[in-house]
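Every chain is numbered from 1, with letters handed out A, B, ... down the list of sequences. Side-chain atoms are counted along with the backbone in the values below, which use heavy atoms only and exclude waters and symmetry mates. Nothing here was measured: the structure is a model prediction, and the numbers come from that model.
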4 protein chains.
Amino acid sequence: MPRRHAATVGRMKSAPVAVMVRLGEIEIEERPVPEPGPGQVLVEVSAVGVCGSDVHWFTEGRIGEIVVNGPLVLGHEAAGVVRALGPGVSRLSPGQRVALEPGVPCRRCRACRSGHYNLCPDIRFFATPPVDGAFARYVVHDEDFAHPLPDHVSDDAGALLEPLSVAIWATWKAGISVGDRVLVTGAGPIGLLVTAVAKAAGAVEVVVSDTQQVRLPLAEKMGATSVISTGADKGNGHGASAPSSDTAGRLRSLGADVLIECSGAAAALEVGLRGLRGGARAVVVGMSSESHTPVPLSVLQRREIELTGTFRYANTYPTAISLASSGAVQLDELVTGHYGLDQVATALQAGRQDPLAVKPVVLPGR
Amino acid sequence: MPRRHAATVGRMKSAPVAVMVRLGEIEIEERPVPEPGPGQVLVEVSAVGVCGSDVHWFTEGRIGEIVVNGPLVLGHEAAGVVRALGPGVSRLSPGQRVALEPGVPCRRCRACRSGHYNLCPDIRFFATPPVDGAFARYVVHDEDFAHPLPDHVSDDAGALLEPLSVAIWATWKAGISVGDRVLVTGAGPIGLLVTAVAKAAGAVEVVVSDTQQVRLPLAEKMGATSVISTGADKGNGHGASAPSSDTAGRLRSLGADVLIECSGAAAALEVGLRGLRGGARAVVVGMSSESHTPVPLSVLQRREIELTGTFRYANTYPTAISLASSGAVQLDELVTGHYGLDQVATALQAGRQDPLAVKPVVLPGR
Amino acid sequence: MPRRHAATVGRMKSAPVAVMVRLGEIEIEERPVPEPGPGQVLVEVSAVGVCGSDVHWFTEGRIGEIVVNGPLVLGHEAAGVVRALGPGVSRLSPGQRVALEPGVPCRRCRACRSGHYNLCPDIRFFATPPVDGAFARYVVHDEDFAHPLPDHVSDDAGALLEPLSVAIWATWKAGISVGDRVLVTGAGPIGLLVTAVAKAAGAVEVVVSDTQQVRLPLAEKMGATSVISTGADKGNGHGASAPSSDTAGRLRSLGADVLIECSGAAAALEVGLRGLRGGARAVVVGMSSESHTPVPLSVLQRREIELTGTFRYANTYPTAISLASSGAVQLDELVTGHYGLDQVATALQAGRQDPLAVKPVVLPGR
Amino acid sequence: MPRRHAATVGRMKSAPVAVMVRLGEIEIEERPVPEPGPGQVLVEVSAVGVCGSDVHWFTEGRIGEIVVNGPLVLGHEAAGVVRALGPGVSRLSPGQRVALEPGVPCRRCRACRSGHYNLCPDIRFFATPPVDGAFARYVVHDEDFAHPLPDHVSDDAGALLEPLSVAIWATWKAGISVGDRVLVTGAGPIGLLVTAVAKAAGAVEVVVSDTQQVRLPLAEKMGATSVISTGADKGNGHGASAPSSDTAGRLRSLGADVLIECSGAAAALEVGLRGLRGGARAVVVGMSSESHTPVPLSVLQRREIELTGTFRYANTYPTAISLASSGAVQLDELVTGHYGLDQVATALQAGRQDPLAVKPVVLPGR
């Protein structure tokens, strides 16, 4: 009986979890170590990236129409080590390092059956109420959403496969082809990763704009062939773009094949759309704080631009692992600080205070 | 020398043309019969449909940023008979009935070379300043944009292949598959033709909404499986939709695979988008009178809807001829009145006065 | 506890099953009524179509590399009535009529997760060794692969949604657009259904060829716009095509947009490919009895034809139900005889003796 | 009148051309310098690559069904300098360096209008009978098929944009996505360029096989992540693959996303197809010497592989220039020798004698 739960985790019965008990407040609780069900594994969490959505839950208590009621464990960008196996698990073994794809869908609805499991209405996704996240010592997860990590991919990188997946999905939706010219608006973590993936996908030009000039050198490091500062910083944390007329002119003359909007700002979408050639594609990844965004539909019509939005991702992890493993995308470059489980609140605030604090990472075992 | 121009048109040197001399005013002028250049044919125009854009030029003097300066011949939905051939014409003969595809592109730019000739910046399109249109006794046109008409397709139908092309293009962009459920907002001429084409393309449900209840029976005649009146008529001529909450609820529960927006109304786009399933496609054909339209981007994102707009069409005429010829689309049903060249102004005003005057047709030879 | 198994099926403990005990021999066995597991339903089978693959197992004992070892229940085109629910079933109730999609995939592999569950290596498919089929009084099946049938769709039609799914999948792979010209080679059950679906999908021409002239009137009934007899019958049961040179010439001049090959004959593929325009698509549905087929690759290359094959189908049942329910495809037209469970062997031989015995149906409750 | 022909080329009235006068024989002829027609330019040829098809015409006198009757100028991979402009030329000036896209289509047929101008039945393509090629001091060419070359792209590279276009087209048809695993069979010039483009397009694995082990280091240089020698060399010049069973096993276990077959060998296609995952794409670029190739259709069917072939390319030159200019593809690496116009016969024989003579280049002005 070598794969028994008890044999692996030993006698440990409970372990610490960082719980957001109310708006802006995190407390460490000791909770029972969860038991993996059929097809599930128990994972000891080694690294968890802090995402803008965690910060939103923490500071606002809501994202769009979803409100946090009561205590919630945040954190959904996680990697760890398999420590025990539930019944019927066949592909993983204790000790194996894994990246956790945070959303486990129902597998039975129309969306799941047609391969768009990110649109499953019954998906259970880390840190999305009422499902707890991964700022914890242990989590259980479905075997096939725990992806084995190559040895030379770090724990940090394993966690950051999640935002990398967001970026891969955006580039897939954008249909980037070798030789394309790509415009990325917004140089937050997602914009930076989109830049890197677009470059890896053969884009010969990747132009990155942001309102915060200070972030642009990082964009160049991730592969941008040119960067544009779009004026005074009056936007949200991800770089709302309100370009001066000079900059707008420069953007408009791009004739880009693809726009990937990562700032959530209406102004960025506006100049981005005007910077596209006829027949181009535009993908909106950044989330607006408004319910409606003014869109110049006549531009979409006259140029027959295809506009779409992304919601998380599906089937991206194998590609994410390939890109991280081959070195095509350097995830470790994005990590700007490490925090213990007792420092989750600090980690959540890091980005608010420093525009260069791109990606804080929590190490629950520290 | 049997194909000489002179031999065919005889001694006629000039012929009447209906010219918009200024806003809201049409005058008949006698102009020289044009000479077909290399690869061109001289066509005696037999029927010309009146389009909403003609009405716009006539009553407003502008569409979007394009302003009419000086005299212009309107009319771009035309069929006729070949009367003379320019040098090098090889596929047409005098006497042949043809439908005229109204835009002739440059054939050399990136858009033309990649098959998107509708996006050619140098396209010459009937009745788009400064190019004169087809409310005339004779026009010249490039041979390959004059499509031979089967005998049993009427002159009227030949003219209406043009708006049918708009509808076909919209359904192609929408990627309608057999078994799809389609929502069409707006029951003007384009909405009605989109309805017919969607049905022909295998849609099992085609739901048509309009603010003007009086038009909905026509939608049913064209193939709608159900119709929805979206409340008090306060919209533009094509049926702006400002649905009551009941109707909105009904639309939202559709879970349609495709939306084709043909009204130009922001309210119609709003309820239409909310009526789509995840992964659906939305095509905006109706033109808004505003520069920007408020779009609920979060709906596009959460459902990963693809939104695009259409600008005219490309490579649709063969399909349009097939659909008209096979009877799959009954174009003659749409014709609501015939007018002589001297009645063009009346024809242009018909739709303004009667919401059921769907498609007036001018017969220049009458 | 109204939904208990025992309450519904009553005291019945066992029920008859038609088992192929060895090559060419069927015996009726009394077997225990199966118990539905979690997420499963018990279905009383009302109708089962006979497919060419059933005939193959019965007469040859193998299909390709798969050999039948030991007893097997045949039959995979099934409809029935839900009689009991396993734990956790939420969408079906006892008494509900359902069509059974015969293959239940693993839901966890790469193919399943990306929507191509027909390619799941661990799929359990009726009547594919070692999984028993539906020539039985009762079967159990996963809830979400038992699709509710509208009242006005007959049991026979419910069963024939399975071959209709094969046809829908083929037309999806072929990417048929409204206005297309389609060539179907082979007028067996699948070829006939492909004809009907292609017509429903807006094809303006559907040309059907078969070596057996006697089948062609049925093709016309299903929507063929023209039919071609491809010469002396020396092919397999599905109509191998070895056309005379006249016929070949006629086919070659088609310039069709799509070929759907349903005969399994190399000669049909050859003339079919030569009958396509540049950039066309060809879908091979018919299965060859040979391991390799000589393909004129230079034709594929010079015309840049896309060639693919189909393996069953995925996500087709909702569309199949729509097409059957709306009357777009008349499934009952194909049924050529009914048989009791004790007549399965006769039903399996019907097609061998009469080329017009298109679709025998077994009624296990008769 | 600064752009006059006479002013530019001066008094030169005739110039040397290398003519294949009969099978295997080249003679230098003095021919009149051609006059550029409307929309055309006169180009002084600076470099012309030798292609396998030139070698075929030279040694066999036919390719497929096309036979060379009478004298023909070979050479279609050309770059040069604009020396004079025909009437109406607006985008080029004398002195400008250009790469010549060798096929000029009719611009009016269905294929041209829909963007597939490579399938134009009336295309005029260098060195395809009866159109003369570019082993000449001067050629005339349509302005928009003469693409301006950046300064830092060499003449050799300008010429090799043509085979690079073949490779780009193949990868487009293959739909390579970032993260894909690609199998390339055959390491001739096209296979090597496909390798480089697949790598540039974000493939994380590119496995290249060839029967000639001596070529594999070059494949690695062009970006192959692993190479496979497929046994004894008994194939054609491009590396027919007849793999040993060990190698076949290795290839079969690949589960690649894409196969690009560049050898023309049936054995390579066979193992390549078996090395693909379900739902993969296969593109056949290599031309077989046989009219038919045995294809395991059941593999295509069971795995639903999409198979297509390529014929030249369309709209690839801008991308080719981007890839050459950005350094993503190192074209100069492929050049293995330079020859004068009087050494064309030697250049044509170079590859026959040395498997490493990948790309001889003729410099007509030498």
Side-chain angles (χ1 to χ4, degrees), chain A residues 36-41 82 85-92 98-125 140-148 161 165 168-169 172-173 311-322, chain C residues 36-41 82 85-92 98-125 140-148 161 165 168-169 172-173 311-322:
Chain A
Q40 291 190 320
V41 290
V82 175
L85 311 179
V89 167
S90 62
R91 286 182 289 192
L92 296 177
V98 290
L100 299 182
E101 184 175 349
V104 177
C106 84
R107 307 174 189 275
R108 291 176 170 256
C109 68
R110 174 180 177 147
C112 283
R113 285 176 55 160
S114 60
H116 309 110
Y117 63 77
N118 55 321
L119 304 181
C120 170
D122 296 324
I123 198 168
R124 293 178 52 82
F125 197 97
V140 293
H141 212 62
D142 280 29
E143 170 184 32
D144 54 332
F145 284 78
H147 302 275
L161 294 176
S165 282
I168 290 169
W169 189 242
W172 283 354
K173 289 272 178 189
F311 185 69
R312 297 166 180 164
Y313 42 78
N315 299 305
T316 47
Y317 265 71
T319 298
I321 290 170
S322 289
Chain C
Q40 290 190 319
V41 290
V82 174
L85 311 179
V89 166
S90 62
R91 286 182 289 192
L92 297 176
V98 289
L100 299 182
E101 184 175 350
V104 177
C106 83
R107 306 172 190 276
R108 292 174 171 257
C109 68
R110 173 180 178 149
C112 284
R113 287 176 55 160
S114 61
H116 309 110
Y117 63 75
N118 56 321
L119 303 182
C120 170
D122 295 324
I123 199 168
R124 292 179 53 83
F125 197 97
V140 293
H141 212 63
D142 279 29
E143 169 185 33
D144 55 333
F145 284 79
H147 303 274
L161 295 176
S165 282
I168 290 169
W169 189 242
W172 283 355
K173 289 272 178 188
F311 185 69
R312 299 169 180 161
Y313 42 78
N315 300 304
T316 47
Y317 265 70
T319 298
I321 290 170
S322 289

Q: State whether C:Phe145 and A:Arg113 meet the cation-pi test: NZ (Lys) or CZ (Arg) under 6.0 Å from the six-membered ring centroid, and within 45° of the perpendicular axis.
A: yes
Q: For C:Cys106, is there any backbone N or O sitting under 3.5 Å from a side-chain donor or acceptor partner on A:Arg107?
A: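 Checked: no pair found.
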Q: Surrounding CZ of C:Arg108 (heavy atoms of other residues, nucleotides or ligands, distance under 6.0 Å), is the total greater than 12?
A: yes
Q: So, taking the atom named OG in A:Ser114 and the one named OH in C:Tyr117, what distance separates them when rounded to the nearest 0.5 Å?
A: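 The distance works out to 9.5 Å.
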